[in-house]
Amino acid sequence: MTDSPRPVRTRYAPSPTGDPHVGNIRSALFSWAYARANGGQFLLRIEDTDRNRLVETSVGAIMESLRWLGIDWDEGPDMGGPHAPYFQSQRLPLYQKAAETLIDRGRAYRCFCTAERLDQMRAAQAAAKRPPGYDGLCRTLSRDESDVRARREPFVIRFAMNREGQTVLHDIIRGDVVFENSLQDDFVMLKSDGYPTYHLALIVDDTGMEISHCIRGDEWISSAPKHIQIYEALGWEPPQWAHLPLILGPDHKKLSKRSGDTAVLDYRENGYLPEAMVNFLAFLGWSLDDHTSILGAAELTKHFDLSRVVPNPAVFDIERLNFLNGHYIREMDDARWEATIADWCRRQLPESVRRPIDPVVVKSVAPLLKERVARLDEIAGMVEFLFGYEAPEHELEALTERVGGDVEVALRTVDGALVALDAVPEEHWTRDDIEAAIRGMEATLGVKLRKFVPVLYVAEMGRPQGIPLFDSLALLGRERTLQRLRTARARLG
RNA sequence: GGCGCAUUCGUCUAGUGGCCUAGGACACCGCCCUCUCAAGGCGGAGAUCAGGGGUUCGAAUCCCCUAUGCGCUACCA
């Protein structure tokens with residue numbers, strides 16, 4: 001094992017079989033952060049060798065996901081680079097050549113076994129309770145016979161695993177992992193359609209692209225001996241290995257669509273901020289020290305280190321993501337926050353609300369909204385009452401639920417507010433004067449403000465809670481405020 | 001079944017033989033603040049460090065066994 005210091009170069013190499021999900025993107029984040037923390041490069045490579053599972057829109061979604069999170073790459077399919085192309089489907093001759101080299105060296109062979117034979121073989125192995133694996137039938141074919149059959153029969157190329165001794169993986173996160181070679185089998189590295197499998201393509205491309213660290217999910221650790229042996233057979237220097245712990249769903253199983261894994265871009269649609277996502281993902285399997293839990297990308301790319309990645313799997317906790325999202329919302333500057341509010345209102349407010357969304361309303365409501373929103377998709381529902389003249393829909397029960405269902409109290413509150421607010425002239429319709437008027441009701445009603453005020457929330461906003469009442473009424477205007485009180489009054493009987 | 005990985009509060013984690021009667025964060029509970037709801041402040045509860053054996057003056061930290069969980073076991077990645 002040579003220790004030639006290589007410049008750090010990492011990569012994210014997804015297969016375009018759908019939109020990237022969180023588990024997958026966390027690997028990208030760690031690879032990227034590691035490269036950046038070490039002054040290295042980060043590459044994007046598309047592993048499109050499975051033509052059956054290819055999804056047309058994936059490449060766009062992959063790049064969009066990375067961009068959203070602020071993960072930038074130095075070489076990739078969109079920009080090219082010194083090791084182009086970055087689509088494996090465009091690198092077929094390279095894999096062919098490596099496979100031929102391996103055949104010439106006796107470390108690979110053509111296999112003519114049919115799918116049916118393979119199925120039968122596996123069935124027999126299962127029945128005999130033997131471990132499954134290729135039985136090596138074609139490994140003993142002579143080169144001449146192989147050449148002849150290759151002219152008219154379809155075939156795959158299998159790697160001839162060394163079946164003696166052990167293969168040991170030196171993993172940065174897990175230390176040494178030892179595999180018995182006798183348990184390995186001759187896997188397919190080049191498919192009958194001429195495309196390579198992951199195992200071959202990985203080695204050819206990581207070597208060709210001068211990748212220094214192979215950072216990937218733990219689900220790959222079992223196939224590490226395959227990869228190590230190919231490197232040996234080719235005489236190439238392997239990268240440093242780092243197998244990241246899996247991210248588990250709430251059911252403690254590997255995150256999947258079933259267990260609630262969702263595409264990264266879905267989180268954007270659901271109102272999450274990229275900063276929150278990055279912060280959240282960064283701490284799934286890694287930590288900076290014994291007390292930091294809020295960390296931005298700038299700090300992450302400064303301090304990230306593979307030696308502080310833990311080996312055990314982590315459960316995805318949406319509550320924590322929600323907390324971080326609220327935190328980053330509160331940290332936003334006013335301009336961005338107002339733009340965000342306008343954007344989500346435009347997207348989610350009913351069509352009856354005129355576009356563009358009134359910027360004056362947005363600006364006034366922004367500070368009131370900031371500490372009350374955890375997800376961006378909550379915005380529209382909280383401000384909808386400010387748009388449109390009609391009173392919000394609410395049931396009679398809603399009006400009285402916070403006063404113990406007491407219709408009498410609700411009635412007196414509404415009547416009291418009608419009188420108190422009607423006494424506030426148009427030119428005095430300000431937050432402070434409204435507050436004074438409503439506080440004055442405490443004396444006339446003989447009820448504490450906090451006890452009767454929820455009735456007014458429902459009457460004006462349709463809900464017993466939301467942005468502060470006095471500000472809301474000022475924003476609503478005198479006429480609409482009184483009209484809604486009359487509606488509530490009518491509903492109370 | 002085989003092989004591999006893992007195991008500290010419900011969750012993410014700190015911890016690399018004495019600083020640990022185990023620290024931080026989310027969630028939870030209480031109090032304060034308060035026009036609702038939040039946010040914020042303060043405080044609380046919550047882990048016999050999976051279990052059992054060792055090693056050691058001393059173990060969450062080292063070794064062994066067991067249990068449990070997860071991953072892999074394709075011409076998918």
Side-chain angles (χ1 to χ4, degrees), chain A residues 13-17 24 47-50 52-53 111 113 115 118 122 125-126 129-134 154-158 169 171 173-174 177-180 183-185 187-193 195-199 201-202 216-225 243 245-246 248 250 252-254 280 283-294 308 310-324 326-327 330 368-374 382 402 435 438-439 442 448-458 461 463-472:
Chain A
S15 59
T17 53
N24 201 250
E47 308 221 327
D48 56 345
T49 57
D50 186 342
N52 299 321
R53 295 204 307 158
C111 173
C113 292
L118 261 19
R122 276 189 273 267
Q125 285 165 340
K129 293 200 193 281
R130 303 276 322 162
Y134 184 61
F155 61 85
V156 300
I157 296 178
R158 289 182 185 273
L169 161 71
D171 191 272
I173 295 166
R174 287 155 216 286
V177 182
V178 180
F179 299 88
E180 288 297 330
L183 268 13
Q184 300 292 328
D185 79 328
F187 59 92
V188 173
M189 51 189 243
L190 205 66
K191 299 181 257 188
S192 55
D193 62 2
Y195 281 71
T197 61
Y198 171 81
H199 307 303
L202 164 85
R216 66 208 325 189
D218 189 45
E219 69 266 26
W220 290 109
I221 204 164
S222 301
S223 41
H243 288 90
L246 260 22
L248 272 25
H252 287 228
K253 296 229 194 307
K254 182 181 169 185
F280 175 71
F283 283 87
L284 245 34
W286 176 83
S287 63
L288 177 65
D289 51 38
D290 64 345
H291 63 276
T292 304
S293 55
I294 302 288
R308 285 191 65 85
V310 297
N312 45 301
V315 174
F316 187 99
D317 179 17
I318 194 76
E319 298 281 8
R320 193 182 195 79
L321 213 209
N322 290 339
F323 163 76
L324 288 168
H327 171 83
R330 278 166 248 133
L368 307 174
L369 226 38
K370 209 166 195 178
E371 52 222 24
R372 271 167 259 265
V373 171
M382 295 188 78
R402 295 288 280 273
E435 175 169 2
I438 292 178
R439 281 194 188 283
E442 274 194 327
K448 285 287 185 192
L449 181 66
R450 56 187 305 115
K451 301 296 283 183
F452 69 75
V453 87
V455 175
L456 300 178
Y457 272 84
V458 176
M461 332 198 309
R463 317 173 162 190
Q465 84 290 106
I467 59 177
L469 183 69
F470 311 139
D471 296 277
S472 299

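Sequence lines set the chain letters: A, B, ... in the order given, protein chains first and strands last, and positions in each chain run from 1.
The nucleotide B:rC5 finds its pairing partner in B:rG69, both defining distances of the Watson-Crick or G-U wobble pair being shorter than 3.5 Å. Summarising the base pairing, B:rG10 is matched to B:rC26 through a Watson-Crick or G-U wobble pair whose two defining distances lie under 3.5 Å. The base-pairing partner of B:rU55, taking Watson-Crick or G-U wobble contacts with both distances under 3.5 Å, does not exist among the strands shown.
The phosphate of B:rA14 (OP1 or OP2) has a side-chain N or O of A:S287 nearer than 4.0 angstrom. Proximity of A:R330 to the phosphate of B:rG40: a side-chain N or O atom is located under 4.0 Å from OP1 or OP2. Here A:K254 reaches the OP1 or OP2 of B:rC72: one of its side-chain N or O atoms lies under 4.0 Å away.
In this structure, CZ in A:F316 is found 13.5 Å from NE2 in A:H252, a value given to the nearest 0.5 Å. A:F280 CZ to A:N322 CG: the interatomic distance, rounded to the nearest 0.5 Å, is 9.0 Å.
Atom CG of A:L246 and atom P of B:rC70 are 11 Å apart (whole Å). Spacing between atom CG of A:D289 and atom P of B:rA14 amounts to 10 Å, rounded to whole angstrom units. Atom NZ in A:K451 sits roughly 15 Å away from atom C1' in B:rU34 (whole-Å rounding).
Within 4.0 Å of A:V310, counting heavy atoms only, lie sugar-phosphate atoms of the nucleic acid but no base atom. When heavy atoms are screened at a 4.0 angstrom cut-off, A:D471 is found touching base atoms of the nucleic acid. Contact annotation for A:P311: backbone-only contact, meaning every heavy-atom pair under 4.0 Å involves sugar-phosphate atoms and none involves a base. Using a 4.0 Å heavy-atom cutoff across all strands shown, A:P468 reaches at least one base atom of the nucleic acid. Residue A:L449 is in sugar-phosphate contact alone, with no base atom involved, counting any heavy-atom pair closer than 4.0 Å across all strands shown. Using a 4.0 Å heavy-atom cutoff across all strands shown, A:R130 reaches no nucleic acid atom at all. The residue A:R122 sits close only to the backbone: its heavy atoms come under 4.0 Å of sugar-phosphate atoms, none of a base. Backbone-only engagement by A:R308 is indicated by non-hydrogen atom pairs under 4.0 Å involving sugar-phosphate atoms exclusively. At a threshold of 4.0 angstrom between heavy atoms, the contacts of A:S192 include nucleobase atoms, whether or not backbone atoms are also involved. Counting any heavy atom pair closer than 4.0 Å across all strands shown, A:P16 reaches no nucleic acid atom. Residue A:G285 is in sugar-phosphate contact alone, with no base atom involved, counting any heavy-atom pair closer than 4.0 Å across all strands shown. When heavy atoms are screened at a 4.0 angstrom cut-off, A:T292 is found touching no nucleic acid atom at all. A:D185 comes within 4.0 angstrom of no nucleic acid atom, judged by non-hydrogen atoms across all strands. The residue A:V156 sits close to a base: some heavy atom pair falls under 4.0 Å.
Between A:R53 and A:D50 there is a salt bridge, since at least one side-chain N of the basic residue sits less than 4.0 Å from a carboxylate O of the acidic one.
Residue ring and base: A:F323 does not count as stacked with B:rC26 (centre distance below 5.5 Å and interplanar angle below 30° not both satisfied).
If you take atom C1' in B:rA77 and the same atom in B:rG69, they sit 24 Å apart, rounded to whole Å.
Residue A:D50 places its side chain closer to B:rA77 than to any other of B:rA77, B:rU36, B:rA27.
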